[in-house]
Asker: 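Quick one: this structure, given as structure tokens, is what I'll be asking you about.
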Amino acid sequence: MPARVDVGPVAAYAAVLQRRGMSAQDIADVSGVSVTLVRRLLRPQGVRPVRVSRTTADAVLGVPLLPAQHTVVGAAGRPGLTGAHRAAGLLVELAERGWRAEYLAGRLGVSSRTVAAVRDGTRSRLGIALDLRIRHLYTELAATTPAAAGIPVADAARTRTWALRRRGG
């Protein structure tokens, strides 16, 4: 899998997010990408970069897109955004039960970097759609174990140990 990818789809998606009411700063806050990089993505085709890192592409493409007629003002006072504190707590609790960030990211349709940023408190806000997906996934996974989902027991144990050490220190 290449480390750098074509910027076209990422730039087009960032432009759609902007047309739906998100500023470059909102996109940066939700994706975890620098606002300077988001502004570069929003430049016209001849002026923006030609390629972008896969991590950046995954982060920007992981920003939830609300329908055009759907304008929600979240607790953070921005369209479609809400505070990340509750979602972070749910993700920490799932990590303490052994659920790996990679698995959660796959189920949520975002990058593992996005899951880690929310879980670790790096992001103070996130999209309402992602917040709702995290709540639903938590409800679904709370009644089962990582082993039942095919996650190796050793991987779940490492995740659980990491999460418990992080909480204690």
Asker: Measuring from atom CZ of Arg100 to atom CG of Leu94, what distance do you get when rounded to the nearest 0.5 angstrom?
Answerer: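 Spacing of CZ (Arg100) from CG (Leu94) equals 14.0 Å.
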
Asker: Quick one: OG1 on Thr122 to CZ on Arg113, what's the gap to the nearest 0.5 Å?
Answerer: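 Reported to 0.5 Å precision, the distance equals 9.5 Å.
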
Asker: Looking only at non-hydrogen atoms, find the nearest pair between Asp120 and Arg166 and report the distance.
Answerer: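 Shortest heavy-atom contact: CA-NH2, 3.3 Å.
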
Asker: Quick one: side chain to side chain donor-acceptor pair (under 3.5 Å) partners of Arg135, sequence neighbours excluded?
Answerer: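 Counting only residues at least two positions away or on another chain, Arg135 forms a side chain to side chain donor-acceptor pair (under 3.5 Å) with Asp131.
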
Asker: Does Gln18 have any side-chain contact (heavy atoms from CB on, under 4.5 Å) partners at least two apart in sequence or in another chain, and if so, which?
Answerer: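 Leu42.
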
Asker: To the nearest 0.5 Å, what is the distance between CZ on Arg40 and CG on Leu37?
Answerer: 6.5 Å

Asker: Does Arg160 have more than 12 heavy atoms from other residues, nucleotides or ligands lying within 6.0 Å of its CZ?
Answerer: yes

Asker: Starting at CD1 of Ile27, measure out to CG of Leu41 and round the result to the nearest 0.5 Å.
Answerer: 8.5 Å

Asker: For the pair Tyr103 (side chain) and Pro146 (backbone), establish whether a donor and an acceptor sit closer than 3.5 Å, ignoring hydrogens and angles.
Answerer: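 Flag not set: sc Tyr103 to bb Pro146 has no pair under 3.5 Å.
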
Asker: Is Arg119 reaching over with its side chain to a backbone N or O of Val92, donor-acceptor style, under 3.5 angstrom?
Answerer: no

Asker: Please answer whether the main-chain N or O of Asp26 pairs with a side-chain N or O of Asp29 as donor and acceptor at a distance below 3.5 Å.
Answerer: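 The answer is no, because no donor-acceptor pair under 3.5 Å joins these two groups.
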
Asker: Are Val115 and Val110 packed together at the side-chain level, in the sense that at least one heavy-atom pair is separated by less than 4.5 angstrom?
Answerer: yes

Asker: At what distance, to the nearest 0.5 angstrom, does CZ of Arg54 lie from CZ of Arg4?
Answerer: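 CZ of Arg4 is found 11.5 Å from CZ of Arg54.
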
Asker: Just jot down the side chain to side chain donor-acceptor pair (under 3.5 Å) partners of Thr114, sequence neighbours excluded, or say none.
Answerer: Ser111

Asker: With a 3.5 Å distance limit and no angle check, can you tell me whether Thr56 reaches the backbone of Val52 through a side-chain donor-acceptor pair?
Answerer: no

